[in-house]
Amino acid sequence: MNLLLFSLFREKKRRRVVELTEKMVVDGGTGTRCEWEGRWNHVRKFLERSGPFTHPDFEASTESLQFMLDTCKILVIGAGGLGCELLKDLALSGFCNIHVVDMDTIDVSNLNRQFLFRPKDVGRPKADVAAEFINSRIPGCCVVPHCKKIQDFDETFYRQFHIIVCGLDSIVARRWMNGMLLSLLVYEDGVLDPSSIIPLIDGGTEGFKGNARVILPGMTACIDCTLELYPPQINFPMCTIASMPRLPEHCIEYVRILLWPKEKPFGDGVGLDGDDPDHIQWVYQKSLERAAEFSITGVTYRLTQGVVKRIIPAVASTNAVIAGKGQNPGIVKFAYIPLNNYMVFNDVDGLYTYTFEAERKENCSACSQVPQDLHFSPSSKLQEVLDYLTESASLQMKSPAITATVEGKNKTLYLQSVASIEQRTRPNLSKTLKELGLSDGQELAIADVTTPQTMLFRLSFTS
Amino acid sequence: MAATKTSKEQRYDRQLRLWGDHGQEALENAHVCLINATATGTETLKNLVLPGIGAFTIVDGHTVSGEDVGNNFFLSSSSIGKNRAQAATELLQELNSDVSGNFVEENPDKLLDNDPEFFHRFTLVIGVQLPESTCLRLGSVLWSASVPFLVCKTYGLIGYMRLVVKEHTVIESHPDNALEDLRLDQPFAELKSHIQSYDLESMEKKDHSHTPWIIIVAKYLEKWLSEHNSQPPKNYKEKEAFRQLIRQGILKNDNDVPEDEENFEEAVKNVNTALNPTKIPTAVEDLINSEQCSNITSQSASFWVMLRAIKEFIQSEGNGSLPVRGTIPDMIADSQKFINLQNVYREKAMQDAAAVSKHVECILQSVGKVSCKNASFLRVVCCRSLAEEYSVDSVNKDEITSYMDSPDSEMVLYLMLRAVDRFYQQHSRYPGVYNYQVEEDISKLKLCVNSLLQEYSLNVNIKDDYIHEFCRYGAAEPHTVAAFLGGSAAQEVIKIISHQFVPFNNTFIYNAMSQTSATFQL
């Protein structure tokens, strides 16, 4: 698996397609690059010199550097802690055509590690400011910002990139991206066309811990193959929050979940905004009162904010390490065998790294192409199917929409995201599968935020 | 514009949750020195400036080259020809106005010649891409002055860090998976009477199902001890029997079917850890029996004074045990039962802390804040000096040869770095810098490797592939490796400054080819 070869191969194929179909447009983004003597000396040594440990297919030449400077197009998803580091690392490694996607704006609490932003930038879109900074600091580099959600783009956008690097902060987004790249795969006579593979490099950090992984869609383990590796979010049981709190966190959750909707302290329909200090102050005061009732100590403003916003502690150093690790497969290690394929890092006690090969799951719901079976009895209610989709460790869907073809017609069985349809289809949840007209072997099409494509499931009746 | 407290708290919020306000204060009172503003150096500093280190000073006599600008985010092409320390300071300073940035346009060797005490003022010194001779000279000066020294080097795809600190004390090591301190094997008086206040047999269902598992285990342990000659369950068979005993205590409904009592499930699940005998961790035992602890003088750091006080506590009020930590994990229980139990442990911990404080007072008049709850997690890191590592008499041959049993272990990379240093000493340049040199330098580098192994009588074999690879590197400093090392180095610096979390001891090697790393004690 040589990433450089992939990219070169794909690039050659893309060029041929463009040549054949339309007049080729030369990307002049790096026109006046303001080169100076020795600029790429550090990088050249790896691309222009052969060595005993390089990939067997690697050939040292000046072509690789030119490819990186002129043609290679990289997409960075997220311009936050990891994103800033990734943009810098890519730009200083010779990549000049970079796109960055991030829908967020800059917050003061970002400034301790997202070094492309300054106090004066607070409130501005991250993608814009990040691109501006890199383009001005690294002459010739052209970072194109997109202040959008990843879901705002379709295959035509993603197809243009040679490599995609993620610095996301949500598992849902990662899965969506994973699904998108899987949907781009082309199979000819059942054989995967390697030029349709876009490598995905994903990383994540939390405090002093982090991980980086390389995914070759269709070939290596994908995000969904290893879904069980992601720790489940801590949600306290309602009875504890409502009547038997023990920890300061329970008191804060009580105010957030139960008291706020009841008292509507800032008006009707005004939701709790974790970024509004007045809101947090209110929650904090009420949490103190709640805690006092039960003689619980430990409620602080900082804890309140942390619980409400589900804050994850973060520092510059861990992000630098993970970006550096994730980057290596992408650039300098273009010539070597890339990270195979999942690496964890922890520097609480000394420095600890561990690399292992995450294995593909045979029946992965995202990448295995094995039709997913749903085993239910015909007398099971639709609600049970919904519960399975959301609670199963391997699926972990968020708000699945279920449709089926019944008597030749496409029927929406349940959909949550549109209020009117949710209301209309809600009664279906308490109907049995038989009552809904579903038969054994029937296909159900299920859509969810965790995947850009609809997933097909096969209903398999148990007696 | 001076930053107000709240805006600084907002800015540093995400890191304050890791090392607290006191850790941040230590960081803001620190002044670090960076020698050589190469990519590795500036990346390290960036990760210290962003979290708000008090001050930094860059010492660098080089002028900026085109090559430097190519891999360094904190140098711009307009600074080519200017002094590198100055150029880098400008762009690093710009990251955070809370930080004070300084530079000295000087070669460290010159400073060592004329004013070695220059380095005494720093909290810590970071030496990047230093030739061996400078490194050893600096190491010796800093060792005598007890200034921590972190050596960093990015060489091709290899990252290297060496920590040199005589004695580094860690009060808050923040271990990832610490065992609880429940004292069920030797309950203190207040815990005993609290346990006695419960009568499981006569409880109503609601109370029975919301009794903390600690109480449940304690009660059944009492029962077991009375039936087993005061011997607690020891092996797997006995522990299984003990779990069964607890399970039998689950209430049954009218049809004799066991009720859903999650607290009893928790009790069963936690039997193994609950039965762990209360013991002083070996690391702490060693510290207590150490020389620094036995010989307290007016010069002793407060860490040792506290340790001595803890030792005296163990020998008197503690009856052989450390002060009670005072925390319990969360568990199924109603609020009152949980809080009452928690308070039993908390109050005992406060009592023990007060007793330790009394001992501290007796040992020394004025000492800082005493915190006992971390007693089990106290650590001390002592690194060997560079002189010891490099001396033929004290080189750690065993460590080197045992790792070299696997010829591709990261140890071979350490030996190659040493060989490359030797090459530099002999030829005043690194191998393979220019394309035409790569081939011819291979044999020259091989001679350096052999002379190194011979000098230290190291009977190991280094594959030719590595010699070839190190010539190929041509002393390049690829940004991504520098960035990785910069992140790692900065975190170790923060650990040293804050005395929180445990630094590595003492040599770290990162292999960017295979994405592996290793730590050696040399």
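Convention: sequence-line order gives letters A, B, ...; per-chain numbering from 1.
- Within the model, atoms CZ of Arg14(B) and OG of Ser109(A) stand 3.5 Å from one another, a figure rounded to the nearest 0.5 Å.
- The residue among Ser77(B), Ala490(B), Ser173(B) with the most heavy atom pairs within less than 4.5 Å of chain A is Ser77(B).
- The candidate with the highest count of non-hydrogen atom pairs below 4.5 Å against chain A, out of Leu95(B), Thr516(B), Thr44(B), Val49(B), is Leu95(B).
- The candidate with the highest count of non-hydrogen atom pairs below 4.5 Å against chain A, out of Asn343(B), Val381(B), Ile332(B), is Ile332(B).
- How far CZ of Phe484(B) is from OG1 of Thr353(A): 6.5 Å, rounded to the nearest 0.5 Å.
- Both the backbone and the side chain of Arg113(A) come within contact range of chain B, judged by heavy atoms closer than 4.5 Å.
- Note on ring orientation: taking the six-membered ring where Trp is involved, the planes of Phe501(B) and Phe208(A) are perpendicular (angle over 60°, cut-offs 30° and 60°).
- By number of non-hydrogen pairs under 4.5 angstrom with chain A, the leading residue of Glu43(B), Glu94(B), Gln336(B) is Glu94(B).
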What do the steps show when you test Gln15(B) against Asn112(A) for side-chain hydrogen bond (donor to acceptor under 3.5 Å, both in side chains), and what is the final call?
-> CA-CA 8 Å; Gln15(B) 69 205 38; Asn112(A) 81 325; 2.8 Å; yes
Start with the C-alpha distance between Ser50(A) and Arg472(B), add both sets of side-chain angles, then the distance that settles side-chain hydrogen bond (donor to acceptor under 3.5 Å, both in side chains), and finish with yes or no.
-> CA-CA 8 Å; Ser50(A) 61; Arg472(B) 174 179 187 252; over 6 Å; no
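- The side-chain tip of Lys45(A) does not point at the ring of Tyr473(B) from less than 6.0 angstrom away and within 45° of straight on.
- With chain A as partner, the option from Ser65(B), Cys471(B), Gly486(B), Gly432(B) having the largest number of non-hydrogen pairs under 4.5 angstrom is Gly432(B).
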Could you walk me through whether Asp334(B) and Arg246(A) pass the salt bridge (Lys or Arg N to Asp or Glu O under 4.0 Å) test, one step at a time?
-> CA-CA 8 Å; Asp334(B) 63 52; Arg246(A) 298 177 299 267; over 6 Å; no
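- Within 6.0 Å of the CD atom in Gln281(A), the count of heavy atoms belonging to other residues, nucleotides or ligands exceeds 12.
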Step-by-step side-chain hydrogen bond (donor to acceptor under 3.5 Å, both in side chains) determination, Asn47(B) to Asn319(A) | CA-CA 10 Å; Asn47(B) 297 321; Asn319(A) 282 311; over 6 Å; no
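- Of all the listed residues (Ile494(B), Asn96(B), Val433(B)), the one sharing the greatest number of non-hydrogen pairs under 4.5 Å with chain A is Val433(B).
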Residue pair Lys309(A), Asp13(B): steps toward the salt bridge (Lys or Arg N to Asp or Glu O under 4.0 Å) verdict | CA-CA 12 Å; Lys309(A) 292 182 67 173; Asp13(B) 179 83; over 6 Å; no
